[in-house]
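What follows is a short report on a single structure.
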Amino acid sequence: MRIRLDRSTPFNLDVTLCCGQTFRWDKLAGWWYGVVGERVFKVRQTEGFVEFENAEAHLVRNYFGLNDNLNRILSEISKDGHIKNAVDMFSGLRILRQDPWECLISYICATYKNISAIKHMLSNLSRRFGEKVCLDGNTFYTFPKPERLAVASEAELVECGLGYRTKYVHETADMVNDGLYDFERLTRTGYADAKAQLLNAPGVGPKVADCILLFSLGKPEAFPVDVWMRRAILRHYNDHFTRKFIAKIREKEALNRSDYEKLGSFGRSYFGQFAGYAQEYLYHYERTIR
DNA sequence: CAAGTGCCTTTATC
DNA sequence: AGATAAAGGCACT
């Protein structure tokens with residue numbers, strides 16, 4: 001099965017899966033394999049097409065954000081030379097629509113870790129607590145259900161390499177298992193309200209919440225600011241802030257909540273309703289070019 | 001090869 | 001309010 005990609009639907013599968021928004025895809029013999037829900041999606045990009053197996057076209061379109069009008073989004077965020085450069089370089093990078101539960105746990109785990117370590121942790125969690133699914137002779141695992149992580153012992157979670165994140169994951173799994181989060185409803189809730197609700201979960205601060213909102217809850221205005229984005233802002237957008245503020249965030253190890261929100265609202269007011277796309281292009285640029 | 005640094009931060013405490 | 005320290009452990013240099 002395949003989806004045609006014409007000039008009005010730019011897409012770059014490799015960049016989309018490698019840019020650090022998702023952690024459980026593998027490229028084997030020219031095909032990307034990733035578990036989406038209960039199923040292993042098998043996907044590759046060829047001239048003019050996205051080809052896929054073991055999935056349905058509407059699910060592929062939804063997961064890879066192919067319903068978003070990327071040309072319109074890119075022209076809307078292209079406010080200056082720097083972002084235009086990043087957009088030209090990685091054009092076709094799309095924001096995925098990931099599973100909110102998996103995204104929530106993934107980004108709780110992601111705090112203060114590098115991407116390879118995050119992949120390692122999530123792979124451990126899935127292998128130990130998920131369901132085995134095979135395709136083309138390769139073994140994959142679904143992401144563990146909330147009820148499974150809720151009954152896991154903390155010792156088991158520590159063995160997956162979660163470290164101090166263990167109790168956050170465990171308690172958040174409890175909350176989700178108890179029905180405290182209706183992700184379906186959160187996708188229909190406004191950005192600020194949905195964010196406030198996510199912040200009630202342990203291990204979820206403003207940055208983690210923004211990642212969940214952007215990558216799984218369909219809030220393209222979310223503008224996560226991690227160390228790379230802070231660098232990008234210091235390097236290319238410091239004239240949008242006072243000298244004093246820039247000096248402060250240059251020196252400090254960690255951003256406090258109000259400084260974080262200042263940077264986030266800059267992103268939203270400067271780049272507009274698709275600030276999250278701008279963030280992902282700038283983030284990827286900063287990580288690959290630097 | 002050892003040791004140091006950094007990592008898509010949050011929370012507790014003062 | 002705002003600053004500071006502590007919290008795994010792995011990958012990279």
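Protein chains get the first letters and strands the later ones, always in sequence-line order, with residue 1 at the start of each. Side chains included, hydrogens not; waters and symmetry mates left out as well; all remaining heavy atoms used.
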Please report the shortest heavy-atom distance between A:Thr139 and A:Lys132, naming the atom on each side.
CG2-CG, 3.5 Å
Chain A contact limits on DNA chain B, taken 5' to 3' with a cut-off of 4.0 angstrom to heavy atoms
B:dG6 to B:dT11
Stems involving DNA chain C: give each as a range paired with a range, ordered by first number, where a stem means at least three consecutive Watson-Crick or G-U wobble pairs under 3.5 Å.
B:3-7 with C:9-13, B:9-14 with C:2-7
Sugar-phosphate only, base, or nothing, as touched by A:Cys109 at under 4.0 Å among non-hydrogen atoms:
nothing
Nearest-Å distance for atom pair CZ/C1', residues A:Phe23 and C:dC10
15 Å
Interatomic distance, A:Lys244 NZ vs C:dG2 C1' [rounded to whole Å]
13 Å
A:Glu253 CD to C:dA3 C1': how many Å, rounded?
12 Å
5′-ward residue of the pair A:Pro202/A:Lys207 relative to DNA chain B:
A:Lys207
Starting at atom CZ of A:Phe245, determine the distance to atom P of C:dG2, rounded to an integer number of angstrom.
11 Å
Identify whether any heavy atom of A:Arg230 sits under 4.0 Å from a base atom; if not, whether one sits that close to sugar-phosphate; answer base, sugar-phosphate or nothing.
nothing
Please determine whether a side-chain nitrogen of the Lys or Arg among A:Arg148 and A:Glu131 lies less than 4.0 Å from a carboxylate oxygen of the Asp or Glu.
no
Relative to each other, are the rings of A:Phe223 and A:Phe266 parallel, tilted or perpendicular (30° and 60° limits)?
perpendicular
So what does A:Val208 hit on the nucleic acid, given a heavy-atom distance under 4.0 Å: a base, only sugar-phosphate, or nothing?
sugar-phosphate
So what does A:Ala232 hit on the nucleic acid, given a heavy-atom distance under 4.0 Å: a base, only sugar-phosphate, or nothing?
nothing
Using atom C1' in both nucleotides, what's the gap between B:dC8 and C:dT4 to the nearest angstrom?
22 Å
Is A:Lys145 salt-bridged to A:Glu38, going by a charged N under 4.0 Å from an acidic O?
yes
Is the number of heavy atoms from other residues, nucleotides or ligands within 6.0 Å of NE2 (A:His236) greater than 12?
yes
So A:Arg287, base contact, sugar-phosphate only, or nothing? Heavy-atom distance under 4.0 Å.
sugar-phosphate
What is the nucleic acid contact for A:Val225, judged by heavy atoms within less than 4.0 Å: base, sugar-phosphate only, or nothing?
nothing
Compare all side-chain heavy atoms of A:Met175 with those of A:Pro202 and state whether any distance is below 4.5 angstrom.
yes
Among residues 111-122 of chain A, which residues get a heavy atom nearer than 4.0 Å to DNA chain B?
A:Thr111, A:Tyr112, A:Lys113, A:Asn114, A:Ile115
Under 4.5 Å between any side-chain heavy atoms of A:Tyr191 and A:Leu214, yes or no?
no
Within the 4.0 Å heavy-atom criterion, would you say A:Glu280 contacts the bases, only the backbone, or no part of the nucleic acid?
base
Note: with side-chain heavy atoms under 4.5 Å as the link, the other cluster members for A:Phe64 come out as A:Met1, A:Ile3, A:Leu5, A:Phe11, A:Leu13, A:Leu17, A:Trp25, A:Trp32, A:Val36, A:Phe41, A:Val43, A:Val50, A:Phe52, A:Leu59, A:Val60, A:Tyr63, A:Leu66, A:Leu96
Sugar-phosphate only, base, or nothing, as touched by A:Gly203 at under 4.0 Å among non-hydrogen atoms
sugar-phosphate
Could you state the OH-C1' distance from A:Tyr260 to C:dG2, rounded to the nearest angstrom?
19 Å
Going by the glycosidic torsion and a 90 degree boundary from 0, is the base of B:dG4 oriented syn or anti?
anti
Quick one: side chain to side chain contact (heavy atoms under 4.5 Å, CB included) partners of A:Pro220, sequence neighbours excluded?
A:Phe274
A:Lys248 and A:Asp259 ion-paired at < 4.0 Å
yes
Donor-acceptor pair, side chain of A:Ser75 and main chain of A:Arg72, under 3.5 angstrom:
yes
Listed partners of A:Asn124 passing side chain to side chain donor-acceptor pair (under 3.5 Å), at least two apart:
A:Arg127
Euclidean distance for P, B:dT11 against C:dC10 (whole angstrom)
23 Å
